[in-house]
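Read through the structure below, which is laid out as structure tokens, and then see the notes.
Whatever order the structure lists ligands and atoms in, that order sets their numbers, starting from 1. Quick note: residue numbers are just sequence positions, from 1.
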Amino acid sequence: MNQTKIGKVLHYINGQFVESVSGRVFQNINPFSNEPINEVAEGFAEDIDLAVQAARNAFDHGPWRTMSVNERMKYIIKIAELIEKNAEEISYLESLDSGLPIAQTKKQAERAAQNFRFYAEMVKSRLVGESYQVDNSFINYTIHKPVGVAGLITPWNAPFMLETWKVAPTLATGNTCILKPAEWSPLTANKLAEIIHESGLPQGVFNVVHGYGETCGAPLVAHPSVQLISFTGETTTGSAIIKNGADTLKRYSMELGGKSPAIVFEDADLNTALDAVVWQIFSFNGERCTANSRLLIHESIHDQFVDKLKERLQNIVVGDPLDPATEVGPLIHRVHYENVMRYIDIASKEGAEVISAPIPAEFNAGNYVAPTIILNANNQMTVAQEEIFGPVLTVIPFSTDEEALRIANDCKYGLAGYIWTNDIKRGHRMAQAIDCGMVWLNSQNVRDLRTPFGGSKASGIGREGGHYGFEFYTETQIVHVALDEQHIPAFGKKKVTQ
Ligand SMILES: NC(=O)C1=CN([C@@H]2O[C@H](COP(=O)(O)OP(=O)(O)OC[C@H]3O[C@@H](n4cnc5c(N)ncnc54)[C@H](O)[C@@H]3O)[C@@H](O)[C@H]2O)C=CC1
Ligand SMILES: O=C(O)/C=C/C=C(\O)C(=O)O
């Protein structure tokens, strides 16, 4: 498909699109062709500093945090409307930049608008305090206040949706922010800046600085005027961020990696389970934190289920991400492609059987990894323990509920789990026993934005979503009010005679 000419992407600081202080740029590469798409301003500590100053000033002196909730929500709704109006361009830019199939980026653009609408509603209805009465002597009540300047650091796997999933609650609760998008997918973050600019949001409330993790993300984390870091990305990066921010005492929300099991029991509705397992590993090109990358399958249905998986593999539409019929596109970057291919190679070396879908030769220039299943695997293998973040499904048989649970939990990650059974007691029992943040029982990952989103173990710290996100994005303050006469020890009241 023809590519529209894309101009240079600049930072968005204090309501203006600006070059880097250094004047430096980096190349943004198309994952379909590995040709450059455009140039992007490359930010360093001095650009971060300007953005933080703007956000700090907007928080301390601007109208943003003190304006009425109704007035603030008008901006949030306006942003949602502008995302809806620009949805076609957003999904095009996202597919071009990330290789995600356009049928899927369309849905992501819809979800991004919902993120703003949802938080406008949530702040009005659920950003509420509590009160505690102590007989007739005290009434103690809590209020929620914005925290200050937030640093939002996001990955490339669902860039626009994940950026808005952080920006919406940050702004709706009255904070100001600096977004540092992933360097491999800058286009839709720039579109978000254009949309927010058009919404008329007061200057300095929202800023974007582009650049690499170590040279642009790290100074944002270490900046003393930034109080919150909301991060989505790899577990090792999350850990580096917490270390780097330690001296400036911040609060963190960490949405990290996953290696989520789908457990399919012999009594499950196998056709639906098959649809879900295939979708949950091959959607987003397998670059999905909640992917069911480990299939635990009851031994009695193993062969029949695997035969059907193989059939699906042959039929998956691997293609140009801009083609609406495409189901799986190229991976984000050559470096990531090589990493995923290395895991497939390791699987063979460790004795597993690797079965891959065909890829049309016309796509040789792109970062295409064939949708792949790994058979004869066990849970000790590298491909069962490490996050591959590509279209690769590791299949492991089990014989009892206890064994399934043991395998599911024998992994450092704990993001999601998927259970397929028609036995209601077994379903709930397994759901509650899996060590992870989110379980879907007889379902793919269908989101309810009111519920907590996040992982346990190496998959994260804290929860975003619903009112759970308010814990992170607001400061809870207690006000103690005395209602009757106080009996306070009267130190120093009596004159002491020597
Ligand atoms: N739990 C969740 O909700 C989700 C987790 N993810 C995880 O994200 C990962 C894939 O995304 P990637 O972009 O490869 O992650 P990454 O950790 O490499 O990068 C994420 C962001 O962090 C920045 N960064 C890198 N090093 C940094 C540093 N030292 N200081 C500050 N910022 C730094 C990058 O520039 C980028 O903006 C996977 O592990 C995936 O599981 C992705 C989506 C959702
Ligand atoms: O729904 C969300 O808030 C986040 C979703 C992220 C994924 O589904 C993913 O990367 O797997």
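Between Arg117 and Glu84 there is a salt bridge, since a side-chain N of the basic residue sits under 4.0 Å from a carboxylate O of the acidic one.
Listed by number with element, the atoms of ligand 1 under 4.0 angstrom from any heavy atom of Leu162 are 43 (C). Taking every heavy atom of Asn157 and a limit of under 4.0 angstrom, the matching atoms of ligand 2 come to 10 (O). Listed by atom number, the atoms of ligand 2 under 4.0 Å from Thr290 heavy atoms are 7 (C), 8 (O), 9 (C), 11 (O). For ligand 1, the atoms closer than 4.0 angstrom to any heavy atom of Phe231 are 17 (O), 20 (C), 21 (C), 22 (O). Under a 4.0 Å criterion applied to the non-hydrogen atoms of Asn445, ligand 2 contributes the atoms 8 (O). For ligand 1, the atoms lying closer than 4.0 Å to a non-hydrogen atom of Thr232 are 2 (C), 4 (C), 5 (C), 6 (N), 20 (C), 42 (C), 43 (C), 44 (C). Under a 4.0 Å criterion applied to the non-hydrogen atoms of Ala218, ligand 1 contributes the atoms 30 (N), 31 (C). For ligand 2 and Trp165, the ligand atoms under 4.0 Å from any heavy atom of the residue are 3 (O). Interface atoms of ligand 1 facing Ile241, defined by a heavy-atom separation under 4.0 Å, are 30 (N), 31 (C), 32 (N). Using a 4.0 Å cut-off to heavy atoms of Leu415, the atoms of ligand 1 that qualify are 1 (N).
Counting heavy atoms under 4.0 Å from ligand 1, residue Pro155 touches it through both backbone and side chain. If you look at Asn244 next to ligand 1, there are no close heavy atoms at all, none under 4.0 Å. No part of Trp184 comes within 4.0 Å of ligand 1, judged by heavy-atom distances. At a 4.0 Å heavy-atom cut-off, ligand 1 touches Asn157 through the side chain alone. Contact annotation for Glu464 and ligand 2: no heavy atom of the residue comes within less than 4.0 Å of the ligand. Looking at Arg447 against ligand 2, only its side chain comes within 4.0 Å, counting heavy atoms. With a heavy-atom cut-off of 4.0 Å, Pro181 touches ligand 1 through its backbone alone.
Distance from atom 38 (C) of ligand 1 to its nearest protein heavy atom, with residue and atom name: Glu387 OE1, 3.5 Å. The protein non-hydrogen atom at the shortest distance from atom 14 (O) of ligand 1 is Trp156 NE1, 3.0 Å. Of the protein's heavy atoms, Cys289 SG, 3.2 Å lies nearest to atom 9 (C) of ligand 2. Taking atom 31 (C) of ligand 1 as the reference point, the nearest protein heavy-atom neighbour is Gly217 C, 3.3 Å. Scanning all protein heavy atoms for the shortest distance to atom 23 (C) of ligand 1 gives Ile153 CG2, 3.6 Å. Here the heavy atom of the protein found nearest to atom 15 (O) of ligand 1 is Glu234 N, 3.4 Å. Remark: minimum distance from atom 3 (O) of ligand 2 to any protein heavy atom is reached at Arg111 NH2, 2.9 Å. The nearest heavy-atom contact from the protein to atom 4 (C) of ligand 1 is Cys289 SG, 2.9 Å. The protein atom (non-hydrogen) at minimum distance from atom 21 (C) of ligand 1 is Thr154 O, 3.4 Å. Given atom 24 (N) of ligand 1, the protein heavy atom at minimum distance is Gly213 CA, 3.4 Å.
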Query raised in the report: Passes salt bridge (Lys or Arg N to Asp or Glu O under 4.0 Å), Arg288 versus Glu387? Steps please.
Result: CA-CA 10 Å; Arg288 187 159 194 188; Glu387 185 183 42; over 6 Å; no
**Report entry** Verdict with supporting geometry, Glu89 and Lys191, salt bridge (Lys or Arg N to Asp or Glu O under 4.0 Å)
**Finding:** CA-CA 9 Å; Glu89 185 187 349; Lys191 188 69 205 169; 3.1 Å; yes
Query raised in the report: Would Asp97 and Asn28 count as a side-chain hydrogen bond (donor to acceptor under 3.5 Å, both in side chains) if you check the C-alpha gap in whole Å, the side-chain angles of each, and the deciding distance to 0.1 Å?
Result: CA-CA 8 Å; Asp97 210 12; Asn28 183 28; 2.8 Å; yes
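Centroid-to-centroid, the aromatic rings of Phe389 and Trp156 come within less than 6.0 Å.
Nearest heavy atoms, Asn115 versus Leu449: OD1-CD1, 3.8 Å. Contact between Gly257 and Tyr413 at its shortest, heavy atoms only, is O-CD2, 3.3 Å. Annotation for Gly174 and Phe59: closest pair O-CE1, 3.6 Å, computed over non-hydrogen atoms. Across every non-hydrogen atom of Pro219 and Thr215, the tightest pair is CG-O, 3.3 Å. Of all heavy-atom pairs between Ile37 and Leu96, the closest is CD1-O, 3.8 Å. Minimum heavy-atom separation, Leu162 to Thr154: O-CG2, 4.2 Å.
A donor-acceptor pair under 3.5 Å is formed between the side chain of Lys180 and the backbone N or O of Gly211.
Every heavy atom of Glu287 sits 4.0 Å or more from the atoms of ligand 2.
For ligand 1, the polar-atom distance check against Glu183 finds a nitrogen or oxygen pair separated by under 3.5 Å. Residue Thr237 has at least one N or O atom closer than 3.5 Å to an N or O atom of ligand 1. For ligand 1, the polar-atom distance check against Leu256 finds a nitrogen or oxygen pair separated by under 3.5 Å. For the pair Lys180 and ligand 1, the shortest N or O to N or O distance falls below 3.5 Å.
Counting heavy atoms from C-beta on, the side chains of Asn285 and Leu100 come closer than 4.5 Å. In this structure, the side chains of Glu46 and Ser22 come closer than 4.5 Å at one or more pairs of heavy atoms. Contact check for Glu386 versus Lys259: no side-chain heavy atoms found under the 4.5 Å cut-off.
For the pair Arg447 and Trp440, the cation does not sit on the ring face, since its NZ or CZ is not both under 6.0 Å from the ring centre and inside 45° of the axis.
Scored by the side chain to side chain contact (heavy atoms under 4.5 Å, CB included) test, Ala377 finds Ile374, Met381, Thr394, Ile396 as partners (sequence neighbours excluded). Ser260 is linked by a side chain to side chain contact (heavy atoms under 4.5 Å, CB included) to Leu415, Ala416, Tyr418, counting only residues two or more places apart in sequence or in another chain.
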